[in-house]
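Data block below; observations after.
Each chain gets a letter, A, B and so on, in the order its sequence line appears, and its residues count up from 1.
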2 protein chains.
Amino acid sequence: MNVEKEKLEKAAFILKTIAHPTRLAVIAQLQDKEELSVNELMEITGCEQSLLSHHLINMKTKGLLKVRKEGTSAYYSLKEINLGSVLTCIEKCNCHM
Amino acid sequence: MNVEKEKLEKAAFILKTIAHPTRLAVIAQLQDKEELSVNELMEITGCEQSLLSHHLINMKTKGLLKVRKEGTSAYYSLKEINLGSVLTCIEKCNCHM
DNA sequence: ACATTACTTGGCTATTTGTCCAAATTATAG
DNA sequence: CTATAATTTGGACAAATAGCCAAGTAATGT
């Protein structure tokens, strides 16, 4: 029962972390592009730089992304996770609200 | 592109709605119990009544649950959606933070 | 009619989240 | 050394969320 509760909390934590259009967009992109710089993600998502940086760092500190720094650039990628499947699930849910 | 954006917003909306331990617990239960009263959900989740009611009504107004009232009881159930799959996805993600 | 059970409502407060903006860092190019 | 490009940081503020509590409604049993 307590294990169950812990599981739910962990799941909720992850869901909360990804539950934002910009962050979902980032995840979706990283799912097939492997790794992208902040600049590239800026262009793709249309999100302002510092705000995007906040999102990325947030996802990184929560364990969903990792960074590789090269020159002046920071390349973000998914941390070994298949998070895209969550997006697919949601799509399949076909919840029409 | 705009369609894509709309999709992401919708997905984020749903994820935000379910991203809470109690709410996930409710969804998980309703996935196999079909429908449960507020009282039953209270016992299962250990959540206080009025708070649980808030959660349930919230999920209902956002289109994830539906209610059937019978006597003094309210029976909640999933609104035609396979939301449980999201939980399974998250579990499979195996994100260790 | 009255009490009880089951649920909802609304107000209040604390906390978290999202966004913006200006300043700071850091690496490279000239 | 200076300028520029790329990213991070931190403050400030509004809005959303979570939780608690007290009061309200509504159906049923006595």
Side-chain angles (χ1 to χ4, degrees), chain A residues 5-6 8-27 29-30 33 35-77 79 97, chain B residues 5-6 8-27 29-30 33 35-77 79 97:
Chain A
K5 201 186 163 192
E6 224 176 279
L8 290 169
E9 270 165 17
K10 196 166 171 178
F13 181 80
I14 297 173
L15 289 173
K16 246 177 104 174
T17 305
I18 68 177
H20 186 286
T22 304
R23 294 193 298 259
L24 285 177
V26 167
I27 289 167
Q29 287 299 318
L30 292 180
K33 299 287 177 45
E35 83 171 13
L36 289 166
S37 70
V38 180
N39 244 314
E40 291 168 324
L41 286 168
M42 254 180 77
E43 279 164 29
I44 293 170
T45 63
C47 180
E48 178 252 332
Q49 196 173 51
S50 107
L51 182 49
L52 181 59
S53 187
H54 276 302
H55 282 308
L56 293 170
I57 289 167
N58 179 255
M59 288 194 276
K60 189 194 134 212
T61 57
K62 288 181 179 167
L64 303 192
L65 300 183
K66 58 180 188 236
V67 206
R68 181 178 66 84
K69 305 222 172 180
E70 191 187 315
T72 66
S73 297
Y75 295 92
Y76 282 88
S77 55
K79 194 173 171 185
M97 289 155 302
Chain B
K5 200 186 164 192
E6 224 176 278
L8 290 170
E9 270 164 18
K10 195 165 174 179
F13 181 80
I14 296 172
L15 289 173
K16 246 176 106 175
T17 306
I18 69 177
H20 186 287
T22 304
R23 295 193 298 257
L24 285 177
V26 167
I27 289 167
Q29 287 300 318
L30 292 180
K33 299 287 176 43
E35 83 171 11
L36 289 165
S37 71
V38 179
N39 244 314
E40 290 168 324
L41 286 168
M42 254 180 79
E43 279 163 28
I44 292 170
T45 63
C47 181
E48 178 253 332
Q49 195 173 53
S50 104
L51 182 50
L52 182 59
S53 187
H54 277 300
H55 282 308
L56 293 171
I57 289 167
N58 179 255
M59 288 194 277
K60 190 194 132 213
T61 57
K62 289 182 178 165
L64 304 193
L65 300 184
K66 58 178 190 241
V67 205
R68 181 177 66 84
K69 305 222 174 183
E70 191 187 316
T72 65
S73 296
Y75 295 92
Y76 282 88
S77 55
K79 195 173 171 184
M97 290 155 298

Length of the line joining [X]:[atom1] and [N]:[atom2], which is rounded to integer Å:
X: A:L51; N: C:dA22; atom1: CG; atom2: C1'; value: 15 Å
X: A:L56; N: C:dT17; atom1: CG; atom2: P; value: 17 Å
X: B:Y75; N: C:dT8; atom1: OH; atom2: P; value: 12 Å
X: B:F13; N: D:dT17; atom1: CZ; atom2: P; value: 9 Å
X: B:Q49; N: D:dG24; atom1: CD; atom2: C1'; value: 13 Å
X: A:N58; N: C:dT17; atom1: CG; atom2: P; value: 8 Å

- Task: Look at the side chain of B:S50 against the base of D:dC21 and say whether a donor-acceptor pair falls under 3.5 Å; ignore hydrogens and angles.
- Result: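 It does, because a donor-acceptor pair links the side chain of B:S50 to the base of D:dC21 below 3.5 Å.
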Quick one: is [N] close enough that its OP1 or OP2 comes under 4.0 Å of any side-chain N or O from [X]?
X: A:H54; N: C:dC20; answer: no
X: B:K16; N: C:dT17; answer: no
X: A:K69; N: D:dT8; answer: yes
X: B:T72; N: C:dA6; answer: no
X: B:Y76; N: C:dA6; answer: no
X: B:H55; N: C:dT8; answer: no

Please find the pair of heavy atoms, one from [X] and one from [Y], that lie closest to each other, and give the distance.
X: B:L30; Y: B:L36; value: CD2-N, 3.7 Å
X: A:E35; Y: A:S77; value: CB-CB, 3.8 Å
X: A:L24; Y: B:A11; value: CD1-CB, 3.8 Å

- Message: So A:S53, base contact, sugar-phosphate only, or nothing? Heavy-atom distance under 4.0 Å.
- Response: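 Counting heavy atoms under 4.0 Å across all strands, the contact made by A:S53 includes a base.
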- Touch check for A:I57, heavy atoms < 4.0 angstrom, all strands: base, sugar-phosphate only, or nothing? sugar-phosphate
- Strictly below 4.0 Å, heavy-atom distances to any atom of DNA chain C: list the hits from residues 36-44 of chain A, or just say none.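 Heavy-atom cutoff 4.0 Å gives no residues at all.
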